[in-house]
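Since the model is a prediction, treat every value here as computed from it, not as a measurement.
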Amino acid sequence: MNFNLDKYRTAFLKPSLTFPYPWAGHIPFAYAVIEMLRPRKLVELGTDSGNSYLAFCQAAEAIGLEAEFFAVDSWEGDPQARFYDSSVLESLRARHDKRFGHFSTLRQGYFDDVRDSFADGSIDLLHIDGLHTYEAVSHDFNTWLPKMSDRGVVLFHDSQVRHGDFGVWKFIAELRERYQVFEFNHSNGLAVLRIGSAATEAFDDFMALAAEDPARVRNYFEQIASTIIDEQTRLLDRAVALPSGVEARIYYRNEDEGFSEQKSISVKAGGALGQVSLVFRLPPGERPDFIRIDPANLGGVFSVLSLAFRHELNAVVNLDVRAAERLLAVSGQLVSDRFEGGLRIASFHDDPNFEMYVGDVWGSLTRDGWVALEATLDYEALLTDRDVAEVAHSQLAGVTAEVNGQEKRLPLAALRSELASFNASVAEARARLDVNAHATNVLVSDLGEKLAQLIAKTDELAAKTATVEATTNELIAKTDGLTVRADDLLTRMDASSALLQHISQRSFFDRFRRRPR
């Protein structure tokens, strides 16, 4: 087996996350498993706000995978997690449809109701994250098992949760008797179950390494996860989530008016970095000559991908946001657009906005009823740190261009690709530094613990040595006493021997004297 974890660079991608966050710690593995398994069809049972599902989609997009992905959920919630209203699905659609809709589908419904729409043997990767009771998870697995292909893999979240009526852990214990299972212990646990016999070579090698050295595999992905979410505090790195309270707003006015709060509409920006579709519904009969769009109430980098007015009878007028006769002013810096026909703005203050003329569109739409402005925005970055904002401002200052006679800053096209490459390198380097720092802390902590153990054992050995030394000295003292006693005994024996010899000689002479003559 020759498996290199570092080969799968997708593990270092950065997600954009929304509440709730229990799955966030498994996102690096979600990225890597897509690259290792390259599933032709993925189904997720239980999606909620979409953190896990969008990570799967993001990885597929990054490697150019041709596949079909499906998220299945009632989007009503459950008693173990939370109940919620339609806003969760609406927010997810705003982040999902524009970017991933060409290969991914959000299917609202109950698991059993949609199961038969999938052919038997068609699913390569199944993620089960619905209700987590033993009965529910065993039912989901057994009813969807016939849908798994010969290279099938199943993921189970919350496999380490053992309180209340959570029962995934119990079901996984049973599955270990029939299948190869590897389990991550962090972020409530994630069990990886191999079903098919014909998975990719890369995934087979991963499972072999996980069986041979599970601690190494767990530590590797836990360290990368620590750059996304802190397991102890459950706080996210600020680079992957929008600050709370971010909103987009439009102002509208006629030729003889100024912009005012009374004629403005605000909507929530969705809670995550990335593409968002927003709808601003104007009051009935309102047909302004000018609109001003404020993408956020914070500085940052924003791309306006599309704008359109939609009438309540579904008549639509699309706006060319790059047209010179339409774009009047930009509060911020107009920079190179990444998407054909789009508009990109960098702002380093709390009031980014741009103003457009729209008085010419109403000839195409009746003045009866309401109209809505539909905007697709891409939130690339938000600047919450004033020092960072000042540095960014100085870096982008330089080359200029004009929009209707107004000076706007425009980086060179060559710098754009270099900057994108540099940013990607910095992101990867930062992730690696975070991983190495974490590994160093773990190593130092481990060495400190081992040193403390060694010192304790040394002290224990010294105490035992002192005891042995005392015992030895006592034994020597006793031996010296025995030697003295032995010498005394030998002296007495010598005296006794001499006395006996003397007595023996006297007895001989006495017998000799008594002999008759």
Side-chain angles (χ1 to χ4, degrees), residues 8-73 75 88-109 114 118 122-130 149 152-155 157 187 190 192 200 203 221 224-225 228-229 236 239-242 270-277 303 305 338-339 376-380 424 427:
Y8 297 93
R9 313 301 302 159
T10 48
F12 292 93
L13 291 172
K14 282 291 187 182
S16 62
L17 304 176
T18 56
F19 179 84
Y21 305 121
W23 220 93
H26 298 300
I27 284 178
F29 177 72
Y31 291 149
V33 76
I34 293 298
E35 189 173 3
M36 288 187 285
L37 189 62
R38 305 187 75 86
R40 297 159 296 187
K41 182 173 289 185
L42 174 148
V43 175
E44 179 174 85
L45 303 179
T47 298
D48 201 306
S49 65
N51 288 335
S52 57
Y53 188 70
L54 292 182
F56 293 134
C57 292
Q58 184 185 2
E61 178 189 60
I63 65 174
L65 181 66
E66 294 185 6
E68 292 181 288
F69 283 18
F70 298 88
V72 180
D73 202 318
W75 276 284
V88 173
L89 178 56
E90 291 170 0
S91 176
L92 176 58
R93 287 197 184 282
R95 301 167 60 205
H96 166 275
D97 292 357
K98 185 80 173 181
R99 182 175 180 182
F100 304 121
H102 60 288
F103 71 90
S104 170
T105 301
L106 304 180
R107 181 167 294 180
Q108 188 173 16
V114 304
F118 295 91
S122 65
I123 300 173
D124 292 337
L125 182 58
L126 178 68
H127 176 217
I128 298 178
D129 197 16
S149 73
V153 172
V154 183
L155 306 179
H157 189 225
S187 291
L190 184 73
V192 183
T200 62
F203 183 78
F221 284 102
I224 304 175
I228 297 175
I229 188 168
L236 296 177
V240 301
L242 289 179
L273 299 176
Q275 294 184 19
V276 177
S277 296
S303 290
L305 307 183
R338 297 178 305 154
F339 303 93
T376 302
L377 307 179
D378 185 10
Y379 289 85
E380 299 180 54

Return the minimal non-hydrogen interatomic distance between [X] and [Y], and the atom names on each side.
{"X": "H127", "Y": "F56", "answer": "ND1-CE1, 4.0 Å"}
{"X": "L92", "Y": "D48", "answer": "CD2-O, 3.9 Å"}
{"X": "Q108", "Y": "L89", "answer": "OE1-CD2, 3.5 Å"}

Please evaluate residues W75 and R93 with respect to the criterion side-chain contact (heavy atoms from CB on, under 4.5 Å), reporting the C-alpha separation (whole Å), side-chain torsions for both, the decisive distance (0.1 Å), and the verdict. CA-CA 12 Å; W75 276 284; R93 287 197 184 282; 5.8 Å; no
Using salt bridge (charged side-chain N to carboxylate O under 4.0 Å, His left out) as the criterion, list what pairs up with R40, not counting sequence neighbours. D124
Kindly indicate, with the supporting measurements, whether the criterion side-chain contact (heavy atoms from CB on, under 4.5 Å) is fulfilled by R38 and F203. CA-CA 9 Å; R38 305 187 75 86; F203 183 78; over 6 Å; no
To the nearest 0.5 Å, how far apart are [atom1] in [X] and [atom2] in [Y]?
{"X": "L126", "Y": "I128", "atom1": "CG", "atom2": "CD1", "result": "4.5 Å"}
{"X": "R107", "Y": "E44", "atom1": "CZ", "atom2": "CD", "result": "14.0 Å"}
{"X": "H26", "Y": "L155", "atom1": "NE2", "atom2": "CG", "result": "10.0 Å"}
{"X": "S122", "Y": "E68", "atom1": "OG", "atom2": "CD", "result": "8.5 Å"}
{"X": "R99", "Y": "L54", "atom1": "CZ", "atom2": "CG", "result": "8.5 Å"}
{"X": "F221", "Y": "I27", "atom1": "CZ", "atom2": "CD1", "result": "13.0 Å"}

Verdict with reasoning, F29 to I224, per side-chain contact (heavy atoms from CB on, under 4.5 Å): CA-CA 9 Å; F29 177 72; I224 304 175; over 6 Å; no
Determine whether the aromatic ring centres of F69 and F103 lie less than 6.0 Å apart. yes
Just so I know, are the side chains of T47 and S52 near enough to count as touching, which here means a heavy-atom distance under 4.5 Å?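 The answer is no, as the side chains (C-beta and beyond) never meet within the 4.5 Å cut-off.
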Does the side chain of V72 reach to within under 4.5 Å of the side chain of V43, using non-hydrogen atoms? yes
Set of residues satisfying ring pair (Phe, Tyr, Trp, His ring centres under 6.0 Å) with respect to F118, sequence neighbours excluded: F70, W144
If we count only N and O atoms by modelled type, under 3.5 Å, do the side chains of H96 and S104 hold a donor and an acceptor together? yes
